Number of protein chains: 2
Amino acid sequence: MKKYIPILKRTRLFSGVGEEEIGAMLNCLQARLCTYKKGEYVLRQGEHTDTFMILAEGKLHIQCDDYWGNRSIINMVSAGEMFGEAYAAPESGAVMNDVLAVEDSVIILFDVKRIITVCPSACRFHSAVVQNMFYAISEKNRSLVQKITFMSKRTTREKLIAYLSEEAKRHNSSEFSIPFNRQQLADYLSVDRSAMSNELCKMRDEGMITFEKNRFVLYDDGTI
Amino acid sequence: MKKYIPILKRTRLFSGVGEEEIGAMLNCLQARLCTYKKGEYVLRQGEHTDTFMILAEGKLHIQCDDYWGNRSIINMVSAGEMFGEAYAAPESGAVMNDVLAVEDSVIILFDVKRIITVCPSACRFHSAVVQNMFYAISEKNRSLVQKITFMSKRTTREKLIAYLSEEAKRHNSSEFSIPFNRQQLADYLSVDRSAMSNELCKMRDEGMITFEKNRFVLYDDGTI
DNA sequence: ACAAGTCTGTTGTTTTTACAACGGAAAAGA
DNA sequence: TCTTTTCCGTTGTAAAAACAACAGACTTGT
């Protein structure tokens, strides 16, 4: 567990908290470690949970497969990000999505009640962590809204433009890598992979973009 | 302001807090009132805000109009619900959506920093409110994910089925009213209104549902 | 009561997407 | 190295959605 303290220090939740205090808080918050191999499920739809989690290593997808096998990737979790916080409320019910490890992953589990209620041993930085947690959830909220604005576009091309523009903005560069392969991007935008692939190539042929694997370059010709 | 204390008492945020304490906290949290006529905007895309708000009376839509005039309704806010909390974080940037009053509305504004930091006058119920706030944001988070699962369905019919099923579940009844008219529902599900209207009527003709205005009845023939 | 405006369903056309199937390139594994 | 699997682009077809235009019912405001 100690091994991950430097990683935790760089997370949103423990921003501004020293390594020693984090070590103390790990006890206070009853943190536990879990590891998952690529392809394993961290959570399955219908299960119940009341812990919240930080991904220390690896990559996860929050996703949802329907009856007919259509997959929808709700969100991606990178190392250092937290998840599961939406099910912290006592009456939050069953988990609506699967959480899949798309890389070998290490997860740290916390007892959520211990964070949001006042710490019995009153660790010094507890209030900072509460504040950080609040900000982190707000951020997640915004990223969901962001995804909704991508999905709300009518055509595949508009969805791609919206998504790629946002990634460029986020990277402060017209050249960037995306965290998805083609199938995953299609699942994220809720479109058909082959149709999307086709549309990407059309956009390339029209001089809007170039790409190689998951690295993209956008060209500003004033049409976006 | 006092007039709205009974309303506030029934909100998620002040759940478990007595009317007297709410009165005291309104000062502590620097609450302010704002009223909006139907059709007025509470917030516009690109503005900045660092207050969070509770809708005391009326109805709001969180929405987003793109360059071509396509409207997307991200979410609906009913009386007693809060909004704007996603922009509470200091570096959260400009607001991504419009907030429109679809009915005459009364809004109570709070200084968000005063909630999540420890109260200087240490009101007794402050920690309960922090906890409530946390749960409320979690709930909003889940409702966004819910909406994403509707939108991720491939066809208009599937989107309708997903949405109507969820409403039935939420109302614990196969008969219920929805808070949208046809155009608004189409904007919420990101589909064309006329195509959606058409699909609804087909579903009615096939005996899956009946409806009148915004009141729907679902019939379970085992196909859903 | 009347006029203006809104809401909803209907239809036909055009555009776009989903779906299926395939082949080559690249990556992974034995 | 060789085989197997995954990834990605391509094409054609069928299905679905967007779009536009319209008419009747209902609401709202005067």
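Side chains included, hydrogens not; waters and symmetry mates left out as well; all remaining heavy atoms used. Letters go in sequence order (proteins before strands), and every chain restarts at 1. What you see is a predicted model, and the numbers here were worked out from it, not measured in a lab.
Neither side chain, B:Ser143 nor B:Gln146, offers a donor N or O lying under 3.5 Å from an acceptor on the other. Checking B:Tyr87 against B:Thr51 by side-chain atom types alone, no donor-acceptor pair falls below 3.5 Å. Checking A:Tyr188 against A:Ser72 by side-chain atom types alone, no donor-acceptor pair falls below 3.5 Å. A side-chain N or O of A:Arg215 and one of A:Ser177 form a donor-acceptor pair less than 3.5 Å apart.
Among C:dA20, D:dA20, C:dG9, the nucleotide with an atom closest to any side-chain atom of A:Ser194 is C:dA20. Proximity note for A:Cys201 (side chain, C-beta onward) versus C:dT11, D:dA21, D:dG9: the nearest is D:dG9. When each of C:dT8, C:dA21, D:dA18 is scored by its nearest atom to the side-chain atoms of B:Asn181, the top-ranked nucleotide is C:dT8.
In this structure, CG of B:Leu189 is placed 18 Å from P of D:dA16, rounded to the nearest angstrom. The interatomic distance linking B:Gln183 (CD) with D:dA20 (P) rounds to 13 Å, in whole Å. Regarding B:Asp192, its CG atom lies at a distance of 17 Å from the P atom of C:dT14, rounded to whole Å. Spacing between atom CE of A:Met203 and atom P of D:dG9 amounts to 13 Å, rounded to whole angstrom units. The CD atom of B:Glu158 sits 11 Å away from the P atom of C:dA18 (whole-angstrom rounding). Between B:Arg193 atom CZ and D:dA18 atom P the separation is 12 Å, expressed in whole Å. In this structure, A:Glu199 atom CD and D:dT10 atom P are separated by 12 Å, rounded to whole Å. For the pair B:Asp187 CG and C:dT8 P, the interatomic distance rounds to 12 Å; values are reported in whole Å.
Put simply, the side chain of B:Asn75 does not reach to within 4.5 Å of the side chain of A:Ile148, judged on heavy atoms. Side-chain contact between B:Met151 and B:Lys147 is present, with at least one heavy-atom pair separated by less than 4.5 Å.
Judged by atom type and distance alone, B:Thr155 does not reach the base of D:dA17 through any side-chain donor-acceptor pair under 3.5 Å. Counting distance only, with no hydrogens placed and no angle test, the side-chain atoms of A:Arg204 and the base atoms of D:dG9 include no donor-acceptor pair under 3.5 Å.
Taking 4.0 angstrom as the limit, B:Lys213 places a side-chain polar atom (N or O) nearer than this to OP1 or OP2 of D:dT27. Between A:Arg182 and D:dG9, a side-chain N or O to OP1/OP2 separation shorter than 4.0 Å is present.
Residue A:Val99 is tested with A:Phe83, A:Tyr41, A:Tyr36 for a side-chain contact (heavy atoms from CB on, under 4.5 Å); the sole match is A:Phe83.
Between its two ends, the helix from C:dA1-D:dT30 to C:dA30-D:dT1 turns its axis by 60°, counting five pairs per end and rounding to 10 degrees.
Ranked by how close their nearest DNA chain D nucleotide is to the 5' end, A:Arg154 and A:Asp205 are led by A:Asp205.
Among the atoms of the strands shown, base atoms are found under 4.0 Å from some heavy atom of A:Ser197.
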